[in-house]
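Everything below concerns the one structure shown next.
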Amino acid sequence: MYSVNIEPDGSNNSPGRKRLKQILWGLMLVLSVTIYGSHAPLIYLCKVNGEIPFSSSAVVLLIELSKFVISLVFFLIQDWKSLKASVSWHLAAPYAVPAVLYGANNNLVVYIQHFMDPSSFQVLSNLKIVSTAVLYSLFLRQRLSVRRWLSVFLLLAAGVFYSYGGIQDLEKVSSDTNLYVTLPGLLLMLAYCLISGLSAVYTEMTLKTQKIPLNMQNLYLYSFGIIINLTAHLTSSKNSDFFDGFSVWVWVIILSQALNGLIMSLVMKLSNNITRLFIISFSMLANGFLSFILFQLQLTALFFLAVVLIGLAVYMYYGMK
């Protein structure tokens, strides 16, 4: 899920250094897959009597703050000499767009639940794989071959199969599951998938077109994220303590998601959103294995079908000539 040409221009391309960069890049992608895949199990470990005890808006806000602080530290260490050339409202303004789009989608996820059941939501939300690929091809002018488009649809199929029944809690399987999707729910889902793809592609386009350090770009992006999420928290939170329900596992979620956000910025700066889609697809498998190990959930035939489809998609996109 990477190639040599994603490395910054002017880097030392000696075979040893090049190999080291490839290894570090691969380890970073594996770490991202693990963090994505562990998110749902960590949420489960946080539950008290089956309920999430903390404010989700508080956690999201702390994740944005953590990303901002880490980016600031790296900027002061690596890029502080470029401060004067990097600080400008002209450079900062574009990052308001993805912040607003991400904020809108976070609210849309909750609203959609009124018009379809959770299982249908999980299955249909995989359409954002295709919407991201389409918008990536259009806005970044990256023509994908027929073979690569087929690999994208294989990722979509893998996501649908996994979401529909890749893992099961045998003690909670019920034949009375009420599956339903209304027309407003379907339209909202299409909007959700388009916004998801647009925000990701717009972020990649902005990161790649600006010639300023990535750490400074992250500071701009997370500044707007803090403003949007602080507003959301203040308008939606109840009269409770900000840290109510926090545990060690909540802090693990905050730090791991902050780290993964920084990794995703690097992926979109040096690689592209297609790599990001493969990371998310692999994270489904990581989630399945962790759920099997930690909670004794059953891996079904659909899970292993998803494994095969993702493996085939990787081969068709990156390995097949």
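Heavy atoms only: backbone and side chains are in, while hydrogens, waters and symmetry mates are out.
- Annotation: the span from M189 atom CE to L194 atom CG amounts to 11.5 Å, rounded to 0.5 Å.
- For an aromatic pair to be called close, the ring centres must be under 6.0 Å apart, and F303 with F161 fails this.
- The line from CG of N260 to OG of S265 is 10.0 Å long, rounded to the nearest 0.5 Å.
- Using a cut-off of 4.0 Å between Lys/Arg side-chain N and Asp/Glu carboxylate O, K47 and E51 are scored as not salt-bridged.
- A donor-acceptor pair shorter than 3.5 Å can be found between the side chains of Q78 and N215.
- At a threshold of 4.5 Å between non-hydrogen side-chain atoms, the residues Y222 and L262 count as touching.
- The two residues Y317 and R147 come nearest to each other via the heavy atoms O-NH1, 3.9 Å.
- For N229 (side chain) and L61 (main-chain N/O), no donor-acceptor pair under 3.5 Å exists by modelled atom type.
- Hydrophobic clustering (side-chain heavy atoms under 4.5 Å, transitive across Ile, Leu, Val, Met, Phe, Trp, Tyr) groups M316 together with F278.
- Side-chain atoms of S82 do not come within 3.5 Å of backbone N or O of A85 as any donor-acceptor pair.
- The two residues S86 and L91 make their nearest non-hydrogen contact at O-CD1, 3.4 Å.
- L270 CG to L266 CG: the interatomic distance, rounded to the nearest 0.5 Å, is 4.5 Å.
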Report the C-alpha distance between I43 and W249 in whole Å, list the side-chain angles of each, state the deciding distance to 0.1 Å, and finish with yes or no for side-chain contact (heavy atoms from CB on, under 4.5 Å).
-> CA-CA 8 Å; I43 291 289; W249 293 118; over 6 Å; no
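- There is a path of hydrophobic side-chain contacts, each under 4.5 Å, that joins F68 to L234.
- In this structure, the ring of W80 has its center no less than 6.0 angstrom from the ring center of F75.
- In this structure, M268 and A200 approach most closely via the heavy-atom pair SD-O, 3.5 Å.
- Between C46 and F54, some side-chain heavy-atom pair lies under the 4.5 Å cut-off.
- Listed by chain and number, the residues in a ring-ring contact (aromatic ring centres under 6.0 Å, His included) with F74 amount to none (sequence neighbours excluded).
- Proximity of F121 to V109: side-chain heavy atoms (C-beta onward) are separated by under 4.5 Å at one or more points.
- Here the shortest heavy-atom pairing between G225 and E64 reads CA-OE1, 3.6 Å.
- Between the side chains of S120 and D117, at least one donor-acceptor pair of N or O atoms lies under 3.5 Å.
- Judged purely by atom type and a 3.5 angstrom limit, T182 uses its side chain to pair as donor or acceptor with the backbone of F115.
- Note that the CG atom of N272 and the CG atom of L207 stand 12.5 Å from one another [nearest 0.5 Å].
- Nearest approach of T132 to G197, heavy atoms of both residues: OG1-CA, 3.4 Å.
- In the hydrophobic cluster analysis, where Ile, Leu, Val, Met, Phe, Trp and Tyr join through side-chain heavy atoms closer than 4.5 angstrom, L42 is grouped together with M264.
- Applying the ring-ring contact (aromatic ring centres under 6.0 Å, His included) criterion to F292, with sequence neighbours excluded, gives no partner residue.
- When all heavy atoms of T203 and Y102 are compared, the pair lying nearest together is OG1-OH, 3.7 Å.
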